[in-house]
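Computed over heavy atoms, backbone and side chain alike; hydrogens, waters and symmetry mates excluded. Chain identifiers are assigned alphabetically (A, B, ...) following the order of the sequence lines, protein sequences preceding nucleic acid strands; residue numbering begins at 1 within each chain.
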There are 2 protein chains.
Amino acid sequence: MARPKNGETDRSNSSDKVEKILQGAMQQFLAYGYASTSMDKVAEAAGVSKATVYSHFQDKEGLFRALIERLARKRFQLILGTQPLKGEPYVVLRRLAKTALNQMINDPEYQAFERLLMGESARFPELAQVFIASIAKPAIETISQYLAARSELNIPDPEATARILIGSLVHFVITQEIMHGKNIMPMESDRLIDALTHLIVNCVK
Amino acid sequence: MARPKNGETDRSNSSDKVEKILQGAMQQFLAYGYASTSMDKVAEAAGVSKATVYSHFQDKEGLFRALIERLARKRFQLILGTQPLKGEPYVVLRRLAKTALNQMINDPEYQAFERLLMGESARFPELAQVFIASIAKPAIETISQYLAARSELNIPDPEATARILIGSLVHFVITQEIMHGKNIMPMESDRLIDALTHLIVNCVK
DNA sequence: GTCTATAGATCGATAGAC
DNA sequence: GTCTATCGATCTATAGAC
């Protein structure tokens with residue numbers, strides 16, 4: 001397995017196994033949560049023995065922390081990868097809201113990540129804070145700066161307004177998708193987007 | 001223990017124990033989550049034997065469902081107990097936002113409940129839906145009807161706007177308290193309230 | 001480094017005495 | 001109805017062979 005390619009010496013470090021372990025851990029923790037995930041299942045999903053897992057990570061908690069920090073970094077890249085906010089507010093804010101909503105709604109991994117972090121935020125407060133610092137805070141700052149730069153919007157408190165924008169979008173995904181409310185109180189994404197842009201753009205005081 | 005009072009026959013039904021079990025279960029499930037709560041600890045916290053727990057509830061899952069449905073009913077009462085929305089929009093919406101925020105921020109049980117439901121929403125989707133149907137939906141409807149009734153606000157979509165209002169408030173509590181973000185990205189509640197009321201009230205098109 | 005095998009603790013659930 | 005005692009499964013973590 002994992003034979004060296006032509007002309008290469010065998011570089012199959014143990015890093016290969018670390019990667020496989022993290023993949024297996026991600027699959028299990030995101031699906032079953034922290035407490036219900038067993039190290040046996042992680043090893044099985046990773047295709048290695050349990051002892052190998054313990055040779056690369058100190059214990060279950062250490063593996064969990066490493067995984068969450070890795071996932072937070074990955075999500076941070078996805079945020080930064082978005083094009084900078086520039087242009088007419090009505091167009092920019094609409095596109096931003098639509099893009100963010102679609103990404104969150106169509107990304108089961110994001111939803112599982114949010115579930116896991118919230119569910120474990122009492123027992124792993126520092127991990128919830130990693131999420132806040134590397135994802136929520138940069139997102140708010142980016143939007144806040146855009147809102148502040150468009151002086152024609154006349155927004156008294158851009159940062160608070162950015163929180164309203166993001167909070168509305170995230171909470172919509174929480175109620176409709178994560179907590180399975182879309183059949184109980186259905187609403188098209190576009191209605192939320194319309195109402196949001198109307199509030200922010202059409203309100204010059 | 002639990003002797004009949006003067007003139008009463010012994011009415012210490014097993015209902016007394018059911019109540020104690022539910023109290024113990026609430027303490028444990030809210031603190032440790034579903035998987036990490038053991039039936040031994042529940043019995044200990046309730047002050048009864050484990051066999052007694054199993055004589056009143058079919059299994060761990062049944063006890064958990066009964067508890068969540070009970071907590072949802074309790075929260076529903078708290079919502080309905082609020083005075084009906086009536087009066088000038090600026091005053092009403094400000095007071096509503098301030099009251100809701102203060103209640104959520106100063107209620108650790110609410111925060112633990114939200115954590116538990118979100119964390120288990122993949123494994124107990126119907127319980128998350130109980131929360132949506134009995135808490136989120138009535139709250140949105142109440143606010144939506146108020147917004148629709150105040151025609152001078154000129155709100156094109158009251159229901160979507162109600163979601164924006166509630167979503168902003170709940171998400172603020174999630175980031176600041178539940179996910180422990182208040183030291184990382186601090187913000188006074190009043191700033192959010194000001195920005196929200198400004199957006200909704202001062203925007204007549 | 002990676003494996004198999006297993007120790008030791010704890011889990012959910014029940015049998016049987018009272 | 002409520003208890004004590006216990007079963008069998010499963011868990012985290014490690015010892016020791018290769």
>> Please tell me if A:Ser49 has a side-chain N or O lying less than 4.0 Å from either OP1 or OP2 of C:dC3.
In response: yes
> Which residues, if any, of residues 26-34 of chain A bring a heavy atom under 4.0 Å of DNA chain D?
Replying inline: none
> Do the side-chain N or O atoms of A:Thr52 get closer than 4.0 angstrom to the phosphate oxygens (OP1, OP2) of C:dG1?
Replying inline: no
>> At 4.0 Å (heavy atoms only), tell me whether B:Thr37 reaches a base, stays on the sugar-phosphate, or touches nothing.
In response: sugar-phosphate
> Between A:Glu19 and A:Arg70, is there a salt bridge with N-O shorter than 4.0 Å?
Replying inline: yes
> Would B:Glu88 and B:Arg150 pass as an ion pair if we require N to O under 4.0 Å?
Replying inline: yes
> When you look at OH of B:Tyr32, are more than 12 heavy atoms from neighbouring residues, nucleotides or ligands closer to it than 6.0 Å?
Replying inline: no
> Side chain of A:Ser38: nearest nucleotide among D:dC11, C:dC11, D:dC3?
Replying inline: D:dC11
> In whole angstroms, how far is the C1' atom of D:dC3 from the NE2 atom of B:His56?
Replying inline: 12 Å
>> Applying ring pair (Phe, Tyr, Trp, His ring centres under 6.0 Å), can you list everything that pairs with A:Phe29, at least two apart in sequence or on another chain?
In response: A:Tyr34, A:Phe64
> Can you check the A:Glu44 CD to D:dT10 C1' distance for me, whole Å?
Replying inline: 14 Å
>> Using a 6.0 Å cut-off, check whether atom CD of A:Gln77 has over 12 heavy atoms from anything other than its own residue.
In response: yes
If you restrict it to nitrogen or oxygen atoms, what contacts under 3.5 Å exist between nucleotides 13-18 of chain D and the protein, and what is each distance?
residue	atom	partner	partner atom	Å
D:dA13	OP2	A:Tyr54	OH	2.8
D:dA13	OP2	A:Lys60	N	3.0
D:dA13	N7	A:Lys50	NZ	3.4
D:dA13	N6	A:Lys50	NZ	2.5

> Above 12 or not: heavy atoms from other molecules or residues under 6.0 Å from CD of B:Gln58?
Replying inline: no
> Is it true that A:Glu109 and A:Arg75 have a side-chain N and a carboxylate O under 4.0 angstrom from each other?
Replying inline: yes
> Can you check the B:Asp16 CG to D:dT2 P distance for me, whole Å?
Replying inline: 9 Å
> CG/A:Asp107 to CG/A:Leu78 distance, rounded to the nearest 0.5 angstrom?
Replying inline: 8.0 Å
